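Report on the structure given below.
This structure is a prediction, so every number in the text was calculated from the model and none was measured.
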2 protein chains.
Amino acid sequence: MQIDTFQTLADPSRRRIVEALCNGERQVGDIVERAGIHQSGVSRHLRILHETGFVSVRPEGQRRFYSLRPEPFRELDDWLAKYRGLWEARLDRFGAALEKQRKHRRPAHKDQRK
Amino acid sequence: MQIDTFQTLADPSRRRIVEALCNGERQVGDIVERAGIHQSGVSRHLRILHETGFVSVRPEGQRRFYSLRPEPFRELDDWLAKYRGLWEARLDRFGAALEKQRKHRRPAHKDQRK
DNA sequence: GACTAATATGCATATACATGCATATATATA
DNA sequence: TATATATATGCATGTATATGCATATTAGTC
């Protein structure tokens, strides 16, 4: 279920943990330094992230290496697809793909009219 | 700030409201039917969605028509871009755009290995 | 076995927040 | 003005959950 994907990402500490993992697997102690909360909290968040499919674990002796799994992100992407029309409506699909490609190549669309 | 975009979407009632708006503007009473909660709750959720930039309002007499704004969805898309590598790593960027195009044309990728 | 290091968990607490009810506000209509 | 309709808000309540502390657990080292 994609149901609680948003719920999981709603917590800022959890997002920081996810971000800490975006460049590959890390052990818990490593994550604690970046999470800004107590080790016990990180451990609990990692449990939640594991239960919701965001991370997988690779035990190695006393350490546990956590890494991101693609599924929930893909789910998020699928959910979002429903709303892509909101900002790509005027483009046909091929054009939209090209537009997206341009955007990803140069991330120069930070400041949009708010 | 994209900070509380996830927080906003974490609530299922709010997601139902967003979904109810995905085909264009609706007045509150219309939304209430689909939200599964009391009108007062819908009203409050709409306030939150407005504060976080998800919706805009168009008053018309005693009614208020709400509709989706693209910005938060775009923010979500930008956030997600950081993690696209998780499931598109093996493709170069042009290939990724094509792949994405294929996926959007035929949404036939529901059942993936879990 | 004693000791240390890495990670997880029970407990207590504080806080956030979603909800319904009753009511307020605003607009239309008679 | 009186009344009805549409939407918003104050209040009270229940529930979820993030956090730290202390401790348990597991594994490595002497």
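- With C:dT19, D:dT7, D:dA18 as the candidates, the nucleotide lying closest to the side chain of A:Asp11 is D:dA18.
- Checked against D:dG10, C:dA26, D:dG20, the side chain of B:Gln62 finds its nearest nucleotide in C:dA26.
- Side chain of A:Arg69 to backbone of A:Gly53: a donor-acceptor contact under 3.5 angstrom is found.
- For the pair B:Ser43 and D:dT9, the criterion of a side-chain N or O lying under 4.0 Å from OP1 or OP2 is not met.
- Taking the six-membered ring where tryptophan is involved, the planes of B:Phe54 and B:Phe73 are perpendicular, since the angle between them exceeds 60° and thus also 30°.
- The listed nucleotides are C:dA8, C:dT19, C:dA6; the one nearest the side chain of B:Ile37 is C:dT19.
- Nearest-nucleotide positions on DNA chain D place B:Asp30 closer to the 5' end than the other of A:Gly36 and B:Asp30.
- Rounded to an integer number of Å, the gap from B:Phe65 CZ to D:dA6 C1' is 11 Å.
- Comment: B:Lys82 engages A:Glu19 in a salt bridge, judged by a side-chain N to carboxylate O separation of less than 4.0 angstrom.
- Straight-line distance from the CD atom of A:Glu51 to the P atom of D:dT17: 11 Å, rounded to whole Å.
- Between the side chain of B:Arg14 and the backbone N or O of B:Leu9, no donor-acceptor pair lies under 3.5 Å.
- Within the 4.0 angstrom heavy-atom criterion, base atoms lie near A:Arg44.
- Contact detail for A:Pro72 and A:Thr52: the closest heavy-atom pair is CG-O, 4.4 Å.
- Distance check: B:Phe65 CZ to B:Leu21 CG gives 12.0 Å after rounding to the nearest 0.5 Å.
- Comparing D:dT7, C:dT9, C:dA8 by their closest approach to the side chain of A:Gln39 singles out C:dA8.
- Across the protein-nucleic acid pair, B:Ile48 atom CD1 and C:dA16 atom P stand 14 Å apart, rounded to whole Å.
- Dashed line: the shortest gap from a side-chain N or O of B:Arg47 to OP1 or OP2 of D:dT9 is under 4.0 Å.
- For the pair B:Ser40 and C:dT19, the criterion of a side-chain N or O lying under 4.0 Å from OP1 or OP2 is not met.
- Atom pair A:Glu33:CD and C:dA6:P shows a separation of 11 Å (rounding to whole Å applied).
- At C:dT19, one or more side-chain N or O atoms of B:His45 fall inside 4.0 Å of OP1 or OP2 (strictly under the cut-off).
- Rounding to whole angstrom units, OH of residue B:Tyr66 and C1' of D:dT7 are separated by 8 Å.
- No contact: B:Gly41 has no heavy atom under 4.0 Å from any strand.
- Going from atom CZ of A:Arg15 over to atom P of D:dA18 covers 12 Å, rounded to whole Å.
- Atom CG in B:Leu49 sits roughly 14 Å away from atom P in C:dC17 (whole-Å rounding).
- The distance from atom CZ of A:Arg14 to atom C1' of D:dT17 is 9 Å, rounded to the nearest whole Å.
- Candidate nucleotides C:dT19, D:dA18, D:dC21 were compared by shortest atom distance to the side chain of A:His38, and D:dC21 ranks first.
- Of the nucleotides present, D:dT1 is the one that pairs with C:dA30 by Watson-Crick or G-U wobble criteria, both distances under 3.5 Å.
- B:Gln27 comes within 4.0 angstrom of sugar-phosphate atoms only, judged by non-hydrogen atoms across all strands, and of no base.
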